[in-house]
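To find a chain, count down the sequence lines: A is the first, B the second, and so on, and within it residues start at 1.
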There are 2 protein chains.
Amino acid sequence: MRTIPDIIISRLPVYLRALCYLQEQGYHTTSSKELGEKIGISPAQIRKDLSQFGEFGKQGTGYNVPFLIEKLRQILHVDRVWDVAVIGMGDMGHALARYQGFTNRGFRVAMVFDSDPAKVGERVGDFIIQDAREMVPAIRAAGIRIAMICVPAQAAQEVADKLVEAGVKAILNYAPISLSVPADVHVQYIDPAIGLQRMTYYLD
Amino acid sequence: MRTIPDIIISRLPVYLRALCYLQEQGYHTTSSKELGEKIGISPAQIRKDLSQFGEFGKQGTGYNVPFLIEKLRQILHVDRVWDVAVIGMGDMGHALARYQGFTNRGFRVAMVFDSDPAKVGERVGDFIIQDAREMVPAIRAAGIRIAMICVPAQAAQEVADKLVEAGVKAILNYAPISLSVPADVHVQYIDPAIGLQRMTYYLD
DNA sequence: TAGATTGTTAATCGATTAACAATC
DNA sequence: TAGATTGTTAATCGATTAACAATC
């Protein structure tokens, strides 16, 4: 089986999100044209992307929304619920620990950590903050494969190393620094300042 | 002047972030090779990207770190401080209002809004939460051009419309929905669930 | 000088789009 | 049937990389 380009994979969650939103609004079918207008992607590209994985549409009528949602969930492996660990209970980690937006999208925060003794044992949402020193055994014992890093930049690489040691294979990094990880570990970056700087170039 | 591709612009903030980090660590010069290893981008690409804007390096020695930082700040228009408005004071808006990571990166949160009467008038960080009904005149009067949307999905498009009406030209959208805005308004999306879904495809 | 590294060219590689037969 | 829309092909478009003369 040939490898699907990552740029295609990166668009699938956007399709899935839009389809779920359409479903909530009562749509039962949609077309590549309609979907493309909603999310600003050309109809041809949507059809080409989806065709990498199968024939999900019908000529003349388009795509069945619940069916395509199910297929995309299977493709992206979010037809299950992944446990996620959050490291760093500052404001951002706190917000992620309580984030409602993971519901029905394949994720559930399962444990949260901080290295500050003053925070360890405190409650955040449904969780008791655990000591960061127990991170590796706790994550390994729970079989957790996904983590979010919300610690300061200077601590992020060390945390990433420990997560790798604990068996984590996917990291969502909120710390403003590029991480070094083995090739089989995936990293995505979220940095609001970078998001803003990508736009100020166009402002005068 | 020919238009620089957006994909190049989108890498510049990453270069800038890495250079600032190198500077903190005491580096005075770096090379495209060294920088590329830190951030996982090929040296040729870094040189090609930078060459769109001028000749910033020296053969044999590479780039002067403070000089390149200054140039990138000028290019990205973050050689100043932009005032930013935050709409929606849930956990995420709260975290952004108090976010320390904007400092020295060209941004300062200047005002925050919520539509919940129970929250209006409360304090978050250094700010008093303002009534969302005053959003348009307040943003317009302050000349604010950048905003972050942290409201629920079903309210986000309406908020975006008001921001456009108020003169905002750049929106960082944390709501899990694609926004429709005029062509001269820029939008960047931050959605942790999408970040995670881009990785679970590769996990089994 | 010798070694290192830039900026740039040309070649390669990959992604997007236009167009259309197939068919619901 | 007529209209709509898919999946796919081929053409176009754009981005990345390799290589190297220039030069610090």
Quick one: CE on A:Met92 to SG on A:Cys150, what's the gap to the nearest 0.5 Å? 7.5 Å
Take B:Thr61 and A:Asp6, find for each the nucleotide of DNA chain C with the closest heavy atom, and name the residue whose nucleotide sits nearer the 5' end. B:Thr61
Least distance between heavy atoms, B:Met199 atom then A:Leu172 atom: CE-N, 3.9 Å
Answer yes if the side chains of B:Tyr201 and A:Asp6 hold a donor-acceptor pair under 3.5 Å, and no otherwise. no
Please report the distance, rounded to the nearest Å, between CZ in B:Phe56 and P in C:dT8. 11 Å
Between A:Leu68 (CG) and D:dT5 (P), how many Å, whole number? 15 Å
d(CD, B:Glu34; P, C:dT5) in whole Å: 9 Å
Take the protein atom CG of B:Asn64 and the nucleotide atom C1' of D:dC24, then report the distance between them rounded to whole Å. 14 Å
Among C:dC24, D:dT16, C:dT5, which nucleotide sits nearest the side chain of B:Ile7? D:dT16
Whole angstroms only, please: what is the CD1-P distance between A:Ile8 and C:dA15? 7 Å
Angle class for the A:Phe107/A:Phe102 ring planes (parallel below 30°, perpendicular above 60°, tilted otherwise)? perpendicular
Whether A:Glu37 and A:Lys33 form a salt bridge (side-chain N of Lys/Arg under 4.0 Å from carboxylate O of Asp/Glu) is what I want to check. yes
When the distance from CD1 of A:Ile9 to P of C:dA15 is rounded to whole Å, what number comes out? 11 Å
Is any side-chain nitrogen or oxygen of A:Arg47 closer than 4.0 Å to OP1 or OP2 of D:dT6? yes
Is there a Watson-Crick or G-U wobble partner for C:dG14 with both distances under 3.5 Å, and if so, which one is it? D:dC13
To the nearest Å, how far apart are A:Ile4 CD1 and C:dG14 C1'? 14 Å
Should B:Arg11 be listed as having a side-chain N or O under 4.0 Å from OP1 or OP2 of D:dT16? yes
For atom NZ of B:Lys58 and atom P of C:dG7, their distance in whole Å: 11 Å
What does B:Lys33 touch in the nucleic acid at a heavy-atom separation under 4.0 angstrom: a base, only the sugar-phosphate, or nothing? nothing
Quick one: label B:Pro5 by what it contacts on the DNA or RNA (base, sugar-phosphate, nothing), any heavy atom closer than 4.0 Å. sugar-phosphate
Does a donor on one side chain and an acceptor on the other come within less than 3.5 Å for B:Gln45 and B:Asp49? no
Phosphate OP1/OP2 of D:dA22 contacted by B:Gln59 side-chain N/O (<4.0 Å): no
With both distances under 3.5 Å as the test, what is the Watson-Crick or G-U wobble partner of C:dC24? D:dG3
Minimum-distance nucleotide to B:Tyr63 side chain [options: C:dT16, C:dC20, C:dT6]: C:dT6
Of the nucleotides D:dT6, D:dT16, D:dC24, which has the atom closest to the B:Lys48 side chain? D:dT16
For the side chain of B:Ser32, starting at C-beta, report the closest nucleotide among D:dT6, C:dT6, C:dT17. C:dT6
Please pick, from C:dT8, D:dT17, C:dA18, the nucleotide with the shortest atom-to-atom distance to any side-chain atom of B:Ser42. D:dT17
Please give the nucleotide sitting opposite C:dT8 as a Watson-Crick or G-U wobble pair, both distances under 3.5 Å, or none. D:dA19
Measuring from the side chain of A:Ser51 (C-beta onward, heavy atoms only), which nucleotide among D:dT17, C:dT5, D:dG7 has the closest atom? D:dG7
Closest nucleotide among D:dT16, D:dG7, C:dG7 to the A:Glu55 side chain: D:dG7
